[in-house]
Amino acid sequence: MSVDSPSPAPAPPKKPLYEASTQFKHWRYSQESLADVRSKLNEAAVAVIRQTFEAYEPGSSSNVSFLNANEEHLLVTFYVTRITQLCGHFRFPEEVEATAATYLKRFYLKNTVMDWHPKNVMLTALFLATKTTNNPISLEAYTHNIPNTSPSDVLDLEFLIAQSLGFEFAVWHAHRALWGICLTSALQQLPSIPPDYAKSQSSVYDTALNHVRASRLTDAEFLYTPSQIALAAFSLTAPEIAQQWLESKQTLSESSPTKIGSGVLGSIETIKSIIINAGQRPETEAVREVDRRLRLCKNPEKVVGSKAYLARKAEEEKKAEERRSRKVASTGEGVDPFGDELDQPKPSLVDYDDDDDDD
Amino acid sequence: MDAVERENADRQKRWAKEQKVGEGTYAVVYRGREVATNRKIAIKKIKVGQFKDGLDMSAIREVKYLRELKHQNVIELLDVFSSKTNLNLVLEFLDSDLEMIIKDRSLVFLPADIKSWMAMTFRGLEFCHRNHILHRDLKPNNLLTAADGQLKLADFGLARDFADPGHKMTCQVITRWYRPPELLLNARYYGSAVDIWSVGCIFAELMLRIPYLAGDSDINQLDTIFRALGTPTEQEWPGHTKLPNWHQPSTTYPKTPLRDLFTAASADALNLLGKCLVYEPRKRISALEALKHPYFFAIPFPSHPSKLPKCAAQVAVRAAEDAEQANIDQNSTGPGVRAAEPGSRKRKLNSPEEFRARSIARRLDFAKQANSP
Ligand SMILES: Nc1ncnc2c1ncn2[C@@H]1O[C@H](COP(=O)(O)OP(=O)(O)OP(=O)(O)O)[C@@H](O)[C@H]1O
Ligand SMILES: [Mg+2]
């Protein structure tokens with residue numbers, strides 16, 4: 001056998017490494033906490049933007065109809081479907097698409113669409129995902145293929161997105177878990193597996209994969225583990241095999257409280273109904289309506305070139321200037337007990353002028 | 001200020017940056033302190049603006065993997081924050097590495113010391129492999145040591161996951177002397193065995209105190225390996241002649257027992273070394289198996305990390321820094337004081353050449369090369 005060929009799949013991991021992941025630690029919610037995060041974020045955003053409107057033109061906020069949390073969410077969901085379209089266009093692997101969708105959705109648990117339009121965030125999230133999944137493409141090639149998009153449109157938001165993600169780039173995906181379920185169920189010779197299962201297996205996988213894809217339009221990934229979502233998708237496709245697979249797993253892993261714990265059946269049913277009910281592309285008309293209103297209520301300070309934007313920039317520049325002069329004064333006037341010998345900034349890798357520690 | 005910006009600013013305030021301690025190919029490293037506890041830390045500052053494709057792949061890989069990996073023998077990433085156009089990685093402070101220690105001719109290594117370093121290396125690596133992460137740049141310079149003697153795998157700028165066994169990967173990884181034969185032959189499907197080969201080379205280097213398989217070019221590297229370990233036969237490495245970069249060598253080297261070169265090593269040590277340097281990647285020992293190897297259970301037992309040899313230069317620097325810190329603490333009102341200005345002056349006075357020497361850009365130029373799909 002040649003060495004230069006794909007080796008067989010490695011043994012499945014023994015320990016639930018997922019439970020040590022940043023995803024498990026930082027990105028899991030209950031239905032209630034998720035709704036709470038979104039409504040608080042929305043309320044805070046509306047308050048700030050209202051204030052900004054008033055500051056530049058008193059009375060101007062009274063007839064603005066701001067978006068509510070559900071409307072924001074609808075828009076974000078719509079842009080998840082745009083990621084799919086773009087990935088099809090670029091022929092990016094599943095991993096890239098799934099990762100970008102997660103990034104976009106996580107971003108809007110920390111930010112509001114009224115500050116940052118999901119159209120732009122989506123483009124940057126996707127570009128970032130190509131890199132974090134080790135499928136990099138040059139920025140030029142990327143933007144060249146997307147109409148009306150310049151490299152700076154993508155780069156300007158990259159840092160903000162990385163920050164919003166808490167620099168937690170690794171994502172555990174349901175489609176990977178699904179692959180595992182399909183492999184092991186085929187190997188286990190469960191009673192209800194039809195004799196030709198091995199052959200039909202790839203179509204079972206494909207159908208289930210479509211359910212996993214639909215789940216990306218829902219909140220499932222914030223509420224359930226990747227394996228639970230995968231199992232629900234599998235169960236929507238081949239309910240009996242899924243049932244038996246689960247039973248065989250549970251007897252096997254009695255001692256280890258793994259990803260698929262007890263009480264899982266109820267969860268699986270809930271996920272199935274989430275996928276069926278929410279796993280759909282939002283109505284174009286509804287999206288259009290929200291987007292139209294967004295144009296009127298977005299944060300003017302984030303609209304490049306607007307009066308408010310320029311005012312904010314000027315304010316920031318003034319602060320930075322003050323900081324610089326403070327620094328010069330403090331180093332120049334012998335605060336250093338040993339005298340002079342200033343470190344001369346030299347051209348180098350990092351921005352030495354960047355006085356991080358000052359504020 | 002946005003919530004996200006505020007959160008970033010809060011993170012930033014937790015860490016005080018002191019003086020520069022090193023420079024790599026894409027980052028500058030500073031010594032610093034955790035403001036709340038005064039614990040020593042390192043801040044690796046990466047300027048993002050310099051890359052036309054945005055956040056650079058090495059930085060992304062390093063952050064992605066270190067964010068997930070928490071293990072005693074893997075360098076700990078304590079925090080990440082941004083400042084203007086820079087990305088700052090807050091790492092635990094590890095001021096020495098195995099390369100410095102190996103090169104310090106004043107140090108004597110006991111067999112128990114080597115065993116201890118090997119055990120810590122395998123433990124860290126087993127954890128990475130268990131998490132389906134390949135390091136792909138193991139070498140003495142990337143095995144850092146803490147003040148308490150613990151060894152940690154560092155520099156995850158070339159790491160990647162290998163969850164997908166049928167996935168083509170670039171063979172342009174791992175510094176030449178530590179690169180396994182399958183990568184030298186341009187294999188595009190490979191696995192955790194590549195890291196094991198590197199560990200084998202490091203093991204040998206710890207015993208010899210010079211790099212074991214030091215080829216002077218990529219082509220010569222394979223010849224160097226064959227010369228040392230014998231030209232592989234079809235039997236011991238089935239299919240290797242079908243690998244993309246295979247050329248029938250003009251000379252066929254015979255196998256010479258490892259014992260001829262490693263005269264002082266124990267039989268267990270040589271047995272484990274041989275298992276790391278097996279030609280056929282699939283027959284190479286795994287990190288998990290290595291940890292169960294009799295070598296680690298035989299006498300002498302591994303040295304306690306605190307008893308391991310340390311670089312004299314590094315010990316001196318540490319003492320100087322601690323004295324300096326005590327000095328600053330006395331004159332200050334609290335632990336959050338900035339020591340940057342006086343610190344950087346002092347550094348100049350002592351300016352140990354080691355710091356320069358350590359900063360040799362050693363990242364190979366292909367490191368930034370993107371994977372072809
Ligand atoms: N955690 C740390 N604690 C203390 N010093 C460190 C730490 N990490 C790095 N350094 C110092 O900073 C230098 C540069 O580190 P960095 O990892 O950026 O580069 P490198 O490993 O030397 O080279 P390259 O970037 O080419 O891989 C190191 O050589 C070392 O002297
Ligand atoms: Mg490095």
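Protein chains get the first letters and strands the later ones, always in sequence-line order, with residue 1 at the start of each.
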Colleague: Can you say whether A:Phe159 sits under 4.5 Å from chain B via the side chain, the backbone, both, or neither, judging by heavy atoms?
Modeller: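 Just its side chain gets close to chain B.
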Colleague: Which residue out of A:Gly166, A:Ala162, A:Pro151 racks up the most heavy-atom pairs below 4.5 Å with chain B?
Modeller: A:Gly166
Colleague: Heavy-atom cut-off 4.5 Å, strictly under: side chain, backbone, both or neither for B:Leu185 against chain A?
Modeller: neither
Colleague: Looking at A:Phe169, I'd like to know if the NZ or CZ of B:Lys64 sits under 6.0 Å from its six-membered ring centre while staying within 45 degrees of the ring's axis.
Modeller: no
Colleague: Give a yes or no on whether a salt bridge exists between B:Lys283 and B:Glu236, defined as a side-chain N under 4.0 angstrom from a carboxylate O.
Modeller: no
Colleague: Looking at chain B, which one of A:Thr22, A:Thr133, A:Leu128 has the largest number of heavy-atom pairs inside 4.5 Å, strictly under?
Modeller: A:Thr22
Colleague: Tell me, side chain or backbone of B:Asn8 under 4.5 Å from chain A's heavy atoms, or both, or neither?
Modeller: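 For B:Asn8, the contact with chain A is made by the side chain alone.
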Colleague: Show your working on ring-ring contact (aromatic ring centres under 6.0 Å, His included) between A:Phe24 and A:Tyr18 and close with a plain yes or no.
Modeller: CA-CA 7 Å; A:Phe24 184 85; A:Tyr18 164 71; 5.4 Å; yes
Colleague: Using a strict threshold of under 4.0 Å (side-chain N to carboxylate O), is an ion pair present between B:Arg130 and B:Glu126?
Modeller: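 Yes, this pair counts.
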Colleague: So for A:Tyr142, is it side chain, backbone, both, or neither that comes closer than 4.5 Å to the heavy atoms of chain B?
Modeller: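 Contact with chain B is absent: no heavy atom of A:Tyr142 under 4.5 Å.
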Colleague: Not counting sequence neighbours, which residues clear salt bridge (Lys or Arg N to Asp or Glu O under 4.0 Å) with B:Lys70? List them please.
Modeller: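 Once residues adjacent in sequence are excluded, B:Lys70 has no partner under the salt bridge (Lys or Arg N to Asp or Glu O under 4.0 Å) criterion.
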Colleague: Pick one of side chain, backbone, both or neither for A:Ala45, based on which atoms fall under 4.5 Å of a heavy atom in chain B.
Modeller: neither
Colleague: By side-chain hydrogen bond (donor to acceptor under 3.5 Å, both in side chains), which residues pair with B:His135, not counting sequence neighbours?
Modeller: none
Colleague: B:Arg67: which residues meet the salt bridge (Lys or Arg N to Asp or Glu O under 4.0 Å) condition with it, sequence neighbours left out?
Modeller: none
Colleague: Are B:Arg188 and B:Glu182 close enough for a salt bridge, meaning some N to O gap below 4.0 Å?
Modeller: no
Colleague: If the contact rule is any heavy atom under 4.5 Å from chain B, which residues of residues 105-113 of chain A qualify, in numerical order?
Modeller: A:Lys110, A:Asn111
Colleague: Just verifying a value: how many Å separate A:Cys87 SG and A:Leu126 CG, rounded to the nearest 0.5 Å?
Modeller: 4.5 Å
